[in-house]
Amino acid sequence: MPFTKPTLPPVDPGEFVTLPLGERMRILTTFWAENGYGSPKALHLIYIAKFLLMSSLGGLLVVTLTSPGVGSILDVGSWWDEPIVYQKLVLWAAFLEVVGIGGAWGPLTGHFKPFYGGARYFVRPGLLRMAPWPGRVPFTGGTRRTRFDAVLYVAYVTSLVIALVLPGVPYGEPLPDAAGGVIRHGALIAPIVLLVVLGLRDKVVFLCGRGEQYLPAMVFFAILAPHDMVIAGKLLIVVIWCGAAFSKIGKHFENVVPPMVSNTPWAWKSLKRRHYRDFPRDLRPSRLGWFMAHVLGTIAEWAVPLVLLFTTDRTVTLLGVASMVAFHLFITSTFPLAVPLEWNILFGFIAVALFAGHPNGDGYGILDFSEPWMLPVFAAALLFFPVLGNLRPDLVSFLPSMRQYAGNWASAVWTFTPGADQKLKKAGMPVALHSEQLAALRVPRDTARIMIDLFVAWRSMHSQGRGLISVLRDYLGDDLDTREVWEGETGANLVLGWNFGDGHLHGIRFLEALREHCGFEPGEFVVAWVESQPVHASHQEWFVFDGALGVTRRGTWQVADCVAEQPWLPNGPIPLDITWRSDRTVTA
């Protein structure tokens, strides 16, 4: 395979685009099982260079050069367990994410040219803005970004930079061998307040900055002495790990690991094929895929963090830390579509710095808080959104719910009649449509269609993708085969500038905003959207949205029916329970 050229399915692109959707999905999901997205090796090296040179090396340079007392970047032994290094690397990651050059960057998220959204969107008044509770929080109504929002965003980024570059200060009795001090508490007030206000104005910016994880960390940095801050940091990371592990219990997650492994550029095709029951005839997970998901994934991500949280044995701690570092390196190696590479590298470092650098047996266990009220209060605060999000996923994004990688995501598939996607531009976008971005890279139009369809194929390899395509097939009939079909996440990326698997960002309010601004005719833009599965239910709730008429149909499906079917639905749509129909429905 040429180093700089993508691997493409062995089909004639001109013939491919004329095939029915089911046949296109069969070809592309079979291709994905062996090749993933088919990205050129050069692209993987660009991603690696970004997180090694800019994110990791750049962050360490910023931290060590602005923190007198921690030693030079080459003297790792002098700074690896310093509290201020942990603090500043979290702020550095928060900065990279909110600017748009952390996760959700590059072609693996549909950013072909340019490679990122983020700041390119957030500093521009007039683009779409998605407030979380516009009807309940004063001064957050409307769907357009204002100059005030742009100023808020710039102020938040600036406040992170200031907190990063200011040298550390002593705090009370410093930790042993902690020469660098800690970030001054006053420098953290501005980023905390600004991120909260930003989040109330626009949840896209809040989630882009990974506020669900970095905001609690910043609060701990601002209010706690170094000793308590380290213990609270351990509690935070264990809640994140165990929250993700809990969300993987069920039928969804085993469908996540095989296509995830298939996307790694380093694994042999024979190993990738072994993750499927009977490649290429049956692409449901094999026993190996199940084992990777629920033993090396779910069980390990539950057990190891809990052991780390409570053990006082030094050897067990080091083994647990090594396991979690390997866990994050494995995820990084697969280049998952949201490409959260920086996040995984940071969490690997945090595991080393907190648990190996400050062992529980040395007085840093969760029962060693300086005040007895801290443990129950912090634990309750950190568990609130994960518990609520699993019981009522309609109320909480999957990110604060700590359901990363679980496969149980709110999601959508978009469809357009030929040419109707051009109307999206009326919503306001600082970048071109995917097809136009690829055309600017001299990718032929039919080949570009394959590259766009590959995102839909990836969705079809997951449980909810089979349900969404079933809903569209039931609603549109054979007309579905004549339409352009998009993965909803990459579509929302074009309009909002960022997405990380959260279907709530392009839910009803977003779709209604497109309906208001784009001027679609009935039937031109039809979306199937589904909510996550609550932990106590066996079904998921979905709706169909017409870009001119609004919601036209609602219903449910059983998750068991989704996971039992092949990605390309050779037996037709899965069983659907239609609970409501609009009398304005326009179908084929």
Side-chain angles (χ1 to χ4, degrees), residues 6-13 15-39 108 110 251-265 267 269-286 288-290 292-293 334-337 407 409 411-415 446-473 480-481 483-490 501 528 530 561-574:
T7 301
L8 295 171
V11 294
D12 178 80
E15 294 181 5
F16 175 86
V17 299
T18 66
L19 296 174
L21 180 64
E23 181 62 12
R24 300 204 307 270
M25 290 299 101
R26 185 193 65 79
I27 292 170
L28 294 184
T29 54
T30 304
F31 170 82
W32 187 287
E34 288 191 302
N35 302 279
Y37 192 64
S39 305
L108 288 177
K251 299 179 181 297
H252 298 278
F253 183 57
E254 62 196 72
N255 290 276
V256 173
V257 172
M260 186 176 174
V261 171
S262 292
N263 202 43
T264 178
K269 287 187 178 181
S270 59
L271 177 60
K272 295 178 180 181
R273 290 194 292 265
R274 287 182 60 198
H275 284 77
Y276 302 93
R277 288 189 191 179
D278 184 19
F279 176 89
R281 290 168 290 275
D282 188 345
L283 296 189
R284 291 172 296 180
S286 66
L288 174 61
W290 182 93
M292 290 282 290
T334 65
F335 292 84
L337 284 196
W409 306 305
S411 52
V413 172
W414 297 6
T415 72
D446 290 340
T447 301
R449 179 75 175 271
I450 293 176
M451 296 174 70
I452 295 168
D453 276 1
L454 272 167
F455 290 115
V456 184
W458 172 86
R459 179 66 69 188
S460 297
M461 299 179 82
H462 298 78
S463 55
Q464 72 275 31
R466 301 162 197 180
L468 291 167
I469 298 295
S470 293
V471 169
L472 290 168
R473 177 64 72 186
L480 178 60
D481 298 323
R483 291 171 171 258
E484 294 189 22
V485 183
W486 290 13
E487 157 59 29
E489 182 177 340
T490 55
V530 67
D561 291 329
C562 289
V563 299
E565 191 51 84
Q566 298 297 326
W568 59 91
L569 301 175
N571 301 310
I574 66 166

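Residue numbers start at 1 and run along the sequence shown.
When side chains are defined from C-beta on, M461 does not count as touching N255, because their heavy atoms never get closer than 4.5 Å. Between T490 and L337 the shortest side-chain heavy-atom distance does not fall below 4.5 Å.
With sequence neighbours excluded, no residue forms a salt bridge (Lys or Arg N to Asp or Glu O under 4.0 Å) with E565. With sequence neighbours left out, Y276 forms a ring-ring contact (aromatic ring centres under 6.0 Å, His included) with no residue at all. Scored by the ring-ring contact (aromatic ring centres under 6.0 Å, His included) test, F455 finds Y37 as partners (sequence neighbours excluded). Taking the salt bridge (Lys or Arg N to Asp or Glu O under 4.0 Å) definition, one finds that E489 meets it with R459, sequence neighbours left out. Residues passing the side chain to side chain contact (heavy atoms under 4.5 Å, CB included) test with D278 are R281, D282, sequence neighbours excluded. Under the rule for a side chain to side chain contact (heavy atoms under 4.5 Å, CB included), the partners of D481 that lie at least two apart in sequence or sit in another chain are P20, L21, R473, D478. For the salt bridge (Lys or Arg N to Asp or Glu O under 4.0 Å) test, residues two or more places apart in sequence or in another chain that qualify with R24 are D453. Looking at residues two or more places apart in sequence or on another chain, you find a side chain to side chain contact (heavy atoms under 4.5 Å, CB included) between A528 and L468, V471, L472. H252 pairs by the ring-ring contact (aromatic ring centres under 6.0 Å, His included) definition with nothing, not counting sequence neighbours. In this structure W568 satisfies the ring-ring contact (aromatic ring centres under 6.0 Å, His included) test with no other residue, sequence neighbours excluded. Looking at residues two or more places apart in sequence or on another chain, you find a side chain to side chain contact (heavy atoms under 4.5 Å, CB included) between P265 and K41, H44, F335. Legend: residues meeting salt bridge (Lys or Arg N to Asp or Glu O under 4.0 Å) with R273, ordered by chain and number and at least two apart, are E34.
Crowding of R274 atom CZ: a count of heavy atoms from other residues, nucleotides or ligands under 6.0 Å not exceeding 12.
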